[in-house]
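Below, all heavy atoms of this structure are taken into account, side chains as well, without hydrogens, waters or symmetry copies. To find a chain, count down the sequence lines: A is the first, B the second, and so on, and within it residues start at 1.
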Protein chains: 2
Amino acid sequence: MESEKIIIDEGKFIPHLSVDCVIFGFHGEQLKVLLPKVKSLDLWSLPGGYVMKDEDIEAAAQRILEERTGVTDIYLEQFYIFGKANRSTGETLKKVLLANNFAIDEKSWVFERFVSVGYYALVDFSKVNTKIGIYDEVCEWHDIHQLPDLAFDHAEITLKALETLRFMLDDKLIGLNLLPDTFTMKELQILYETILDKPLRRDNFQRKILSMGILERVEKKFTGAAHKAPYLYKFIK
Amino acid sequence: MESEKIIIDEGKFIPHLSVDCVIFGFHGEQLKVLLPKVKSLDLWSLPGGYVMKDEDIEAAAQRILEERTGVTDIYLEQFYIFGKANRSTGETLKKVLLANNFAIDEKSWVFERFVSVGYYALVDFSKVNTKIGIYDEVCEWHDIHQLPDLAFDHAEITLKALETLRFMLDDKLIGLNLLPDTFTMKELQILYETILDKPLRRDNFQRKILSMGILERVEKKFTGAAHKAPYLYKFIK
DNA sequence: CCAAAAGTGTTAACTGTACACCCATGT
DNA sequence: ACATGGGTGTACAGTTAACACTTTTGG
């Protein structure tokens, strides 16, 4: 089945440089990561891409995120640059291109050594419409504790992203980016417990969060359950 | 004075990528940064360089640091990647090359957009023998509070390095890398006060540091001053 | 009226800060 | 002996963690 090959315009991009995104979401009391799977291959990887020659790196990350989630203005943070000379091999990428009927130029930089900028993103799970990329068969959410084998050093990148997320969590209450616009204190607590992977005390957690003065009580949420209705909160400003 | 031009071998390096190092030292109760000044131009910048095509980025940073300080195994940490599309201009570099009798290839990537990986390094001031780079006239220590104007966005990079250093200081007692092998508690305290730019209590500082259990008392240091001789400490392990 | 979970008052434990005193040293 | 700075005991304050009680909801 030889058909016309598809050619990528490598001249548009900064050679040897890529952006990889660890996209976190929260659903069903689980912390999830959005992962595409390459067409025809049993190969999962982080959503990533190249940086255009006149594009800010952060803009490239935003572009890649929008392509996969359909969401604009995503919360994201650069967390590390992965620069080991032997961290990737061109062989894997060649398999990907072959499986997708792309032309392979053996001399291209895309098969050589890569430096990758790691970004982590926090998105409201309910707002995301996952989209597959040009090489992908599917793009799915995976439980952080049950990730498939990942290509290259993407498992290491994911782990470092998670560690950074944990480290930064208290600082700025960034976890809110993973929740819908309004939420109960219980939901926020479960989110924190999930990310930190340890139980928190209900009473003290509530006080600590409220003492930051960045949440506003909106209304009561009647769940139909046989207990006091919790308040809904939203982020101020 | 037209002589034979010097040509750099750009093919050795990853294009559009550079490493910039903020080298911290401590001397005379002042926090210092090591800065080279370009020959014939009134232009100060951070020590930096390119990454060879088969070289780990961190190895590149180590190489750049060794070239300037003569010290091996320097403590260094990657702290940020600076990736704005318009952060540098080729014009400044052209002036530098002109002033140094280097050949200029107008089409070279070195005059285009750069992505720079920022590393900060902590060195024992007394072990450093500063060396000038190929474009430099001098390479000198500058007080962090009295920096000259810096080229490109190097002032911003330096500030971010300092902020990161302050943020990380408590975590791992990394400040020790700025001192000689043995030191008094007073010296360590002054170092911390200098970095954090605020006074600390002598008694509580001593207890806090010792409670970390990573310092060992070595011997007393008789200074010849009319007071109790302080202990010398060294880092355990 | 009861069970379940939300919200809050109170207390205990811990940590960090401040003050004090004693010790060693050279003049 | 005394002035100077190092080392440490202790008390106070502020913060965080633990416990307990009250409130609200639907069965």
Side-chain angles (χ1 to χ4, degrees), chain A residues 28-29 166-173 175-176 179-236, chain B residues 28-29 166-173 175-176 179-236:
Chain A
E29 306 199 356
R166 283 181 178 152
F167 189 70
M168 293 296 169
L169 199 59
D170 279 340
D171 242 35
K172 296 187 295 182
L173 218 29
L176 298 175
L179 292 176
D181 296 335
T182 62
F183 47 88
T184 65
M185 194 57 72
K186 176 100 185 168
E187 286 163 347
L188 184 60
Q189 182 184 340
I190 291 172
L191 170 64
Y192 269 64
E193 290 177 330
T194 305
I195 294 175
L196 299 174
D197 204 22
K198 68 176 183 189
L200 299 171
R201 290 189 62 93
R202 181 183 59 85
D203 47 5
N204 295 330
F205 178 79
Q206 163 132 328
R207 258 185 286 254
K208 180 181 169 186
I209 296 293
L210 289 180
S211 74
M212 294 181 183
I214 56 173
L215 292 189
E216 184 188 354
R217 255 181 203 168
V218 188
E219 59 193 326
K220 288 204 173 187
K221 181 185 181 184
F222 292 86
T223 58
H227 56 77
K228 188 171 178 176
Y231 287 101
L232 285 173
Y233 294 88
K234 73 173 184 186
F235 182 59
I236 298 177
Chain B
E29 306 199 355
R166 283 182 178 150
F167 190 68
M168 293 297 170
L169 200 59
D170 280 338
D171 243 33
K172 297 187 294 183
L173 218 29
L176 297 176
L179 292 176
D181 296 334
T182 62
F183 47 86
T184 65
M185 194 56 73
K186 177 97 185 172
E187 286 164 349
L188 185 60
Q189 183 184 340
I190 291 173
L191 169 65
Y192 270 64
E193 289 178 330
T194 306
I195 294 175
L196 299 173
D197 205 22
K198 68 176 182 190
L200 300 171
R201 290 191 62 93
R202 180 183 60 85
D203 46 4
N204 295 331
F205 179 79
Q206 163 131 327
R207 258 186 285 252
K208 181 181 167 185
I209 297 293
L210 289 181
S211 74
M212 295 182 183
I214 56 173
L215 292 189
E216 184 188 352
R217 256 180 202 168
V218 189
E219 59 193 325
K220 289 203 171 185
K221 181 185 181 185
F222 292 85
T223 57
H227 57 77
K228 187 171 179 175
Y231 288 101
L232 284 174
Y233 294 89
K234 72 171 185 186
F235 182 59
I236 296 177

Q | side chain to side chain contact (heavy atoms under 4.5 Å, CB included) assessment of A:Y233 paired with A:L210 | A | CA-CA 10 Å; A:Y233 294 88; A:L210 289 180; 3.7 Å; yes

(Q) My understanding is that only one of B:L176, B:V218, B:L215 makes a side-chain contact (heavy atoms from CB on, under 4.5 Å) with B:K234; could you say which? (A)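 Going through B:L176, B:V218, B:L215 one by one, the side-chain contact (heavy atoms from CB on, under 4.5 Å) with B:K234 is satisfied by B:V218 alone.
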
Q) Does B:R217 reach the main-chain N or O of B:L232 with its side chain, forming a donor-acceptor pair under 3.5 Å? A) no

Q: Examine distances only and state if a side-chain atom of A:Q189 and a backbone atom of A:L200 form a donor-acceptor pair shorter than 3.5 Å.
A: yes

Q: Could you walk me through whether A:K221 and A:E187 pass the salt bridge (charged side-chain N to carboxylate O under 4.0 Å, His left out) test, one step at a time?
A: CA-CA 12 Å; A:K221 181 185 181 184; A:E187 286 163 347; 3.5 Å; yes

Q: With sequence neighbours left out, write down each residue that passes salt bridge (charged side-chain N to carboxylate O under 4.0 Å, His left out) with B:K220, or none if nothing qualifies.
A: none

Q) With sequence neighbours left out, what residues match B:R201 under salt bridge (charged side-chain N to carboxylate O under 4.0 Å, His left out)? A) B:D203

Q: Give the B/S/- string for nucleotides 17-23 of chain C, one per nucleotide from 5' to 3', where a protein heavy atom under 4.0 Å of the base yields B, of only the sugar-phosphate yields S, and otherwise -.
A: BBB---B

Q: Apply side chain to side chain contact (heavy atoms under 4.5 Å, CB included) to the pair B:K208 and B:D170, showing each step before the final yes or no.
A: CA-CA 10 Å; B:K208 181 181 167 185; B:D170 280 338; 3.5 Å; yes

Q: Enumerate the residues from residues 208-222 of chain A whose closest heavy atom to DNA chain D is under 4.0 Å, giving them by residue number; use none for an empty result.
A: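 Nucleic-acid contacts, sorted: A:K220, A:F222.
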
Q: Specify the residue among A:H227 and A:Y231 whose closest nucleotide of DNA chain C lies further upstream toward the 5′ end.
A: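 The answer here is A:H227.
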
Q: Decide side chain to side chain contact (heavy atoms under 4.5 Å, CB included) for B:E193 and B:D197; before the verdict, give the C-alpha distance in whole Å, the side-chain angles of both, and the deciding distance to 0.1 Å.
A: CA-CA 5 Å; B:E193 289 178 330; B:D197 205 22; over 6 Å; no

Q) Can we call the ring centroids of B:F205 and B:Y192 under 6.0 Å apart? A)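 Yes - the distance between ring centres of B:F205 and B:Y192 falls below the 6.0 Å cut-off.
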
Once rounded to the nearest 0.5 Å, what's the spacing between atom [atom1] of [X] and atom [atom2] of [Y]?
X: B:L179; Y: B:L188; atom1: CG; atom2: CG; result: 6.0 Å
X: B:K228; Y: B:Y231; atom1: NZ; atom2: OH; result: 6.5 Å
X: B:R207; Y: B:M212; atom1: CZ; atom2: CE; result: 14.0 Å

Q) Near DNA chain C, which residues from residues 189-200 of chain A have a heavy atom under 4.0 Å away? A) none

Q: Take the protein atom CD of A:E187 and the nucleotide atom P of C:dA5, then report the distance between them rounded to whole Å.
A: 15 Å

Q: Tell me, please, the opening and closing nucleotides of DNA chain D, 5' to 3', among those with an atom under 4.0 angstrom from a non-hydrogen atom of chain B.
A: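 Both ends considered, the range comes out as D:dA3 to D:dT10.
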
